[in-house]
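Have a look at the structure below, then the notes.
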Protein chains: 2
Amino acid sequence: MSEDAEAAPGSETIARLRRELARGTTELAVLSVLSVRRRYGYELLKVLRETGEGALEVKEGTLYPLLHRLEDSGHIRASWEAEGRARPRKYYVLTSDGRAYLGMLRVEWSGLVDGMRQLLDTLGEVQEWPTSGRSSTTTPKESDAT
Amino acid sequence: MSEDAEAAPGSETIARLRRELARGTTELAVLSVLSVRRRYGYELLKVLRETGEGALEVKEGTLYPLLHRLEDSGHIRASWEAEGRARPRKYYVLTSDGRAYLGMLRVEWSGLVDGMRQLLDTLGEVQEWPTSGRSSTTTPKESDAT
DNA sequence: CCCGATACCTTGCGCGGCAAGGTATTACAC
DNA sequence: GTGTAATACCTTGCCGCGCAAGGTATCGGG
């Protein structure tokens, strides 16, 4: 038994995958939630954790810097609100500028999803590619190559 | 007239958005194309440019390092092939390991798409949230805040 | 003979996600 | 009253992908 007990190399690979795929979608998810009503940061964490079936889960170290970025660029606005408590909550609302930005994000996202689906559909068809006359002389081996 | 003539700030914002959203999908697209038949690098550039309606367009500086990474991790295998030409082409084939990896990627991608769609659907409904009894006393202003 | 397309490659920067670590409050149990 | 978990906010530093920019060589057509 060696010291490095990394028996499951696939799990961290999945984590890396998920992290890369999630890139950019966090912004879309947060702004979408805020487009309905105002929320405070910690509330967003819970909403995203429970709504997206875990696929949209956001970590604190991701969310708070993101909110600050969105505030700096004027897409959302923050306001501290003490509802009778000593520790106030920081509520965020979408500005009209942010609403326009959200529109762009939605367009880009659906474009990507459509493009991806179209690619997979195209691959599904047994499409005949112009092989410039001289078809495959070497009879391409489609077998596995492990 | 100041020196920086950056009159269109939106276009480069879109570029940034698209770049962040595309994160990870390039790998999925490339492996999907290779799952049908072998391709050489430059060919992949053209296929992705023409198939995905521009949404999946990949730059050379992205593709070649990606192919090398995929080869190093054993998901694809390369072979130089001179078909009667002085400058041979580098063909890539999917290994069985890569096919399994592609399966994982597909699952993650569809999970993300489903999660996103579910989030948007949920927001569409006028869902009643438990406001802990004391409903909004301040009549939350849903108006814009620019 | 030149020029654009083909076909491969690299270096360096920017930026978002996150692990890890920090502080203070609230609430509930015991 | 005391402990402990959840709430609620925050920051620093690393990692890794996408890409602009730049480089080399071949091929085909005018």
Side-chain angles (χ1 to χ4, degrees), chain A residues 11-31 39-49 55-73 78-92 105 108 112 132, chain B residues 11-31 39-49 55-73 78-92 105 108 112 132:
Chain A
S11 60
E12 73 229 19
T13 301
I14 290 230
R16 206 207 78 240
L17 272 195
R18 198 169 291 197
R19 198 168 65 232
E20 293 302 326
L21 281 180
R23 207 83 173 219
T25 57
T26 307
E27 209 169 317
L28 175 55
V30 165
L31 291 177
R39 303 276 192 177
Y40 58 94
Y42 200 82
E43 197 183 5
L44 285 167
L45 285 176
K46 285 187 293 182
V47 169
L48 292 178
R49 181 170 298 130
L56 304 174
E57 189 175 341
V58 184
K59 307 297 160 47
E60 295 189 41
T62 301
L63 181 68
Y64 289 116
L66 170 62
L67 289 173
H68 297 156
R69 259 180 281 135
L70 288 173
E71 192 184 2
D72 288 345
S73 47
S79 62
W80 288 98
E81 230 147 306
E83 306 138 341
R85 50 170 64 224
R87 192 106 191 111
R89 289 162 170 166
K90 200 174 185 180
Y91 278 90
Y92 291 97
L105 249 177
E108 289 303 320
L112 183 63
S132 68
Chain B
S11 61
E12 74 230 17
T13 301
I14 291 231
R16 206 207 78 239
L17 271 195
R18 196 169 293 196
R19 197 167 68 230
E20 293 302 325
L21 280 179
R23 209 76 175 224
T25 58
T26 307
E27 208 169 315
L28 174 56
V30 166
L31 290 177
R39 303 276 192 178
Y40 58 94
Y42 200 82
E43 196 183 5
L44 285 167
L45 284 177
K46 286 187 294 182
V47 169
L48 292 178
R49 181 170 298 130
L56 304 174
E57 189 175 341
V58 184
K59 306 296 160 46
E60 295 189 39
T62 301
L63 181 68
Y64 289 115
L66 171 62
L67 289 172
H68 297 156
R69 259 180 281 134
L70 288 172
E71 190 183 2
D72 288 345
S73 47
S79 63
W80 288 99
E81 230 148 304
E83 305 137 343
R85 49 170 65 224
R87 192 101 193 115
R89 288 163 169 166
K90 199 173 183 180
Y91 278 90
Y92 289 97
L105 248 177
E108 289 302 320
L112 182 63
S132 68

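Chain letters run A, B, ... following the sequence lines, proteins first, then strands; residues in each count from 1.
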Are any protein N/O atoms closer than 3.5 Å to N/O atoms in nucleotides 2-4 of chain C? If there are, list each pair with its distance.
none

Fill in the blank from the handout: Taken in chain and number order and not counting sequence neighbours, the residues that satisfy salt bridge (Lys or Arg N to Asp or Glu O under 4.0 Å) with B:R69 are none

Practice task
Mind checking the OH-CD spacing from A:Y91 to A:E83? Nearest 0.5 Å is all I need.
Solution key: 4.0 Å

Handout entry: Contact check, side chains of B:Y92 and B:E71, non-hydrogen atoms, under 4.5 Å
Key = yes

Problem - Under 3.5 Å: donor-acceptor pair, side chain of B:E43, backbone of B:Y40 - result: yes

Handout entry: Protein-nucleotide distance (A:L56, atom CG; C:dG16, atom P), rounded to Å
Key = 18 Å

Problem - Spacing of CD belonging to B:E108 relative to CZ belonging to A:R16, to within rounding of 0.5 Å - result: 11.0 Å

Completion exercise
Between CD of A:E43 and P of D:dT7 the distance, given in whole Å, is 12 Å

Handout entry: Point-to-point distance, once rounded to the nearest 0.5 Å, from OG1 of B:T26 to CZ of B:R19
Key = 12.0 Å

Handout entry: Atom-to-atom span, CZ of A:R39 to C1' of D:dT7 - whole angstrom
Key = 16 Å

Handout entry: Gap separating the CG atom of A:L63 from the CD atom of A:E57, nearest 0.5 angstrom
Key = 12.0 Å

Practice task
Rounded to the nearest angstrom, tell me the gap between atom OH in A:Y64 and atom P in D:dT7.
Solution key: 11 Å

Problem - Ion pair A:R89/A:E81, N-O distance below 4.0 Å - result: no

Problem - Sequence-aligned protein contact record of nucleotides 17-30 of chain D, with B where the base is within under 4.0 Å of a protein heavy atom and S where only the sugar-phosphate is - result: BSBB-----SS---

Practice task
Grab the CG-C1' distance between A:L44 and D:dT7 for me, whole Å please.
Solution key: 14 Å

